[in-house]
Amino acid sequence: MTYATRLRAVLYGCAVLGAAAGSAPAWAQQLTGRPQEHQLNMQAPVTAVGADIYDLHTWMMIVCLVIFVAVFGVMFYSVFKHRKSLGHKPATFHESTAVEIAWTIVPFLIVIGMALPATKTVVALKDTSNADLTIKATGMQWKWGYDYLKGEGEGISFLSNLATPRSQIGEPGVAPTEARTQNYLLEVDNEMVVPVNKKIRMVFTANDVIHAWTVPAFAIKQDAIPGFVRDGWFKAEQIGVYRGNCVELCGKDHAFMPIVVRVVSDADYTAWVAGKKKEMAALADDPTKVWTIDELKTRGEAVYTANCVACHQVNGKGIPAAFAALDGSPNVLGNKANQIDILLHGQKSGKFPTAMPAWPQLSDTEIAAVITYTRNSWSNKAAENIVQPAEVLAARK
């Protein structure tokens with residue numbers, strides 16, 4: 001593995017020199033945990049297991065290269081030196097015990113030499129014991145939900161949405177109106193934050209379709225499957241911001257589901273936990289408060305934009321044969337108790353390929369606000385046009 005490590009260092013150095021000599025902007029040479037211009041190999045790992053995987057990758061490449069050169073070298077030498085034009089005639093032997101023993105033992109030793117370090121690394125990848133923090137990541141169309149389950153920060157919960165504005169992305173047939181920034185489609189509104197040099201156990205699931213949580217610099221990739229719980233782990237050894245994506249083809253906006261993990265010092269993590277808990281306490285609205293319809297509509301528009309617009313669209317028309325329209329929907333115009341139930345528990349009508357997921361992670365005020373917003377937007381003029389947080393609280397019980 002020593003030679004693999006050395007070759008990895010050489011390749012990384014070549015990539016850095018290529019980036020410095022090319023036209024890559026200054027920020028591209030400074031950012032961590034993201035694809036780089038002129039990148040020659042995998043992203044530089046910041047975990048011990050990631051370094052092992054990188055070395056394994058290089059080691060396998062060396063083994064394959066040596067086999068390739070040896071086999072084709074002997075083949076081309078034999079063809080050239082023993083061609084018919086030089087007077088050579090084909091041999092008439094039928095078998096050679098020595099050759100058969102050699103081509104059995106040598107490949108066996110090669111496979112063992114490749115399998116032993118690979119098995120050791122795979123076993124390490126699955127060892128999620130003795131974690132300092134446990135965080136659940138829930139995949140949903142098209143965002144990630146994070147719940148800190150165990151360790152410092154226990155009780156923190158938030159959603160992480162794509163932060164790249166639609167003005168940079170454009171629409172089908174409509175060109176973007178703003179220049180793309182350095183982290184285009186790799187930025188979120190709420191980053192997952194973890195402390196450096198701490199073992200983080202990740203628990204994965206999904207509430208609609210199969211997703212996959214992947215951060216290349218951590219060497220972690222795990223599918224998030226509805227109805228199942230799977231886990232993995234990482235231990236980042238370098239402070240920085242590391243980016244990934246959902247790498248399972250999960251639907252129309254699959255490309256708009258990034259992952260951003262910020263690795264910070266222990267002191268900074270403690271400060272983040274304190275700030276996040278204060279923020280959550282401030283957002284926990286009093287469910288007994290009575291809101292005006294205008295207050296609910298304003299709050300509801302923000303909730304709709306952050307959570308609903310990807311499926312139901314800005315104009316409430318949905319996507320034909322994919323996602324239901326809310327403009328003119330019987331569920332929106334009908335009994336408000338039914339719409340509250342759909343938000344809290346989800347619904348599978350059979351009319352569309354995927355079910356409407358449940359949104360219990362939204363607060364009572366957020367659910368009341370977004371329902372009120374949909375009942376008073378577009379062409380909708382529902383008779384029951386306002387929902388108070390207390391009604392949602394009562395429906396949860």
Side-chain angles (χ1 to χ4, degrees), residues 136 138 140-147 155-163 188-190 207-208 276-319 323-349 352 354-397:
K136 183 176 78 170
T138 304
M140 56 194 80
Q141 297 175 312
W142 281 270
K143 59 182 72 64
W144 291 97
Y146 295 107
D147 297 281
I156 290 176
S157 179
F158 57 88
L159 295 174
S160 183
N161 296 274
L162 174 71
V188 297
D189 55 0
N190 283 310
N207 69 0
D208 39 44
K276 198 67 177 177
K277 288 191 173 181
K278 288 181 180 178
E279 177 186 322
M280 290 176 62
L283 291 175
D285 300 300
D286 180 3
T288 63
K289 176 183 174 181
V290 177
W291 295 60
T292 68
I293 190 169
D294 290 333
E295 289 174 331
L296 287 169
K297 285 168 60 178
T298 301
R299 179 77 176 272
E301 183 176 12
V303 176
Y304 184 87
T305 301
N307 300 284
C308 314
V309 73
C311 297
H312 300 296
Q313 304 298 296
V314 176
N315 58 9
K317 297 295 185 183
I319 300 174
F323 300 104
L326 299 183
D327 186 14
S329 166
N331 289 326
V332 177
L333 296 174
N335 189 315
K336 61 183 178 181
N338 181 55
Q339 193 176 2
I340 293 173
D341 182 71
I342 291 173
L343 266 291
L344 289 176
H345 304 107
Q347 181 187 55
K348 185 167 182 62
S349 65
F352 300 95
T354 57
M356 165 69 184
W359 290 89
Q361 65 270 37
L362 295 179
S363 70
D364 298 327
T365 301
E366 288 173 324
I367 291 178
V370 77
I371 290 176
T372 301
Y373 171 74
T374 59
R375 287 176 166 259
N376 294 275
S377 297
W378 314 300
S379 65
N380 292 341
K381 304 295 179 189
E384 297 179 339
N385 66 339
I386 186 169
V387 174
Q388 294 293 343
E391 298 175 79
V392 181
L393 177 62
R396 286 185 190 269
K397 297 178 179 179

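Not measured: the values here are computed from a predicted model.
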request  = Before giving the answer on side-chain contact (heavy atoms from CB on, under 4.5 Å), spell out for D189 and F158 the whole-Å C-alpha distance, their side-chain angles and the decisive distance to 0.1 Å.
outcome  = CA-CA 10 Å; D189 55 0; F158 57 88; over 6 Å; no
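Among pairs with a residue in residues 378-391, those fulfilling side chain to side chain donor-acceptor pair (under 3.5 Å) read D327-S379, K336-E391, at least two apart in sequence or across chains. The list of salt bridge (Lys or Arg N to Asp or Glu O under 4.0 Å) pairs with a residue in residues 363-374, not counting sequence neighbours, reads D364-R396.
Using a distance-only test at 3.5 Å, with no hydrogens or angles considered, a donor-acceptor pair links the side chain of S160 to the main chain of N190. The backbone N or O of A358 sits nowhere less than 3.5 Å from a side-chain atom of H345 that would complete a donor-acceptor pair. Put simply, the side chain of R375 gets close to the backbone of G334: a donor and an acceptor are under 3.5 Å apart.
In this structure, the side chains of L162 and K143 stay at 4.5 Å or more apart for every pair of heavy atoms. Residues Y373 and L296 have side chains not in contact (no heavy-atom distance under 4.5 Å, counting atoms from C-beta outward). Residues V188 and W144 fail the side-chain proximity criterion, which asks for heavy atoms closer than 4.5 Å. Inter-residue side-chain proximity for Q361 and D147 is flagged as unmet; no heavy-atom pair is nearer than 4.5 Å. The shortest side-chain heavy-atom distance between T374 and Q339 falls under the 4.5 Å cut-off.
Between T138 and K136, the closest heavy-atom pair is OG1-CE, 3.6 Å. Closest non-hydrogen pair, K317 versus Q313, comes out as N-CB, 4.5 Å. Between N161 and A306, the closest heavy-atom pair is OD1-O, 3.0 Å. In this structure, A324 and H312 approach most closely via the heavy-atom pair O-ND1, 2.8 Å.
Partners of W142 under the ring-ring contact (aromatic ring centres under 6.0 Å, His included) rule, at least two apart in sequence or in another chain, are F323.
Here the CD-OG1 distance, from Q141 to T354, works out to 4.5 Å after rounding to the nearest 0.5 Å.
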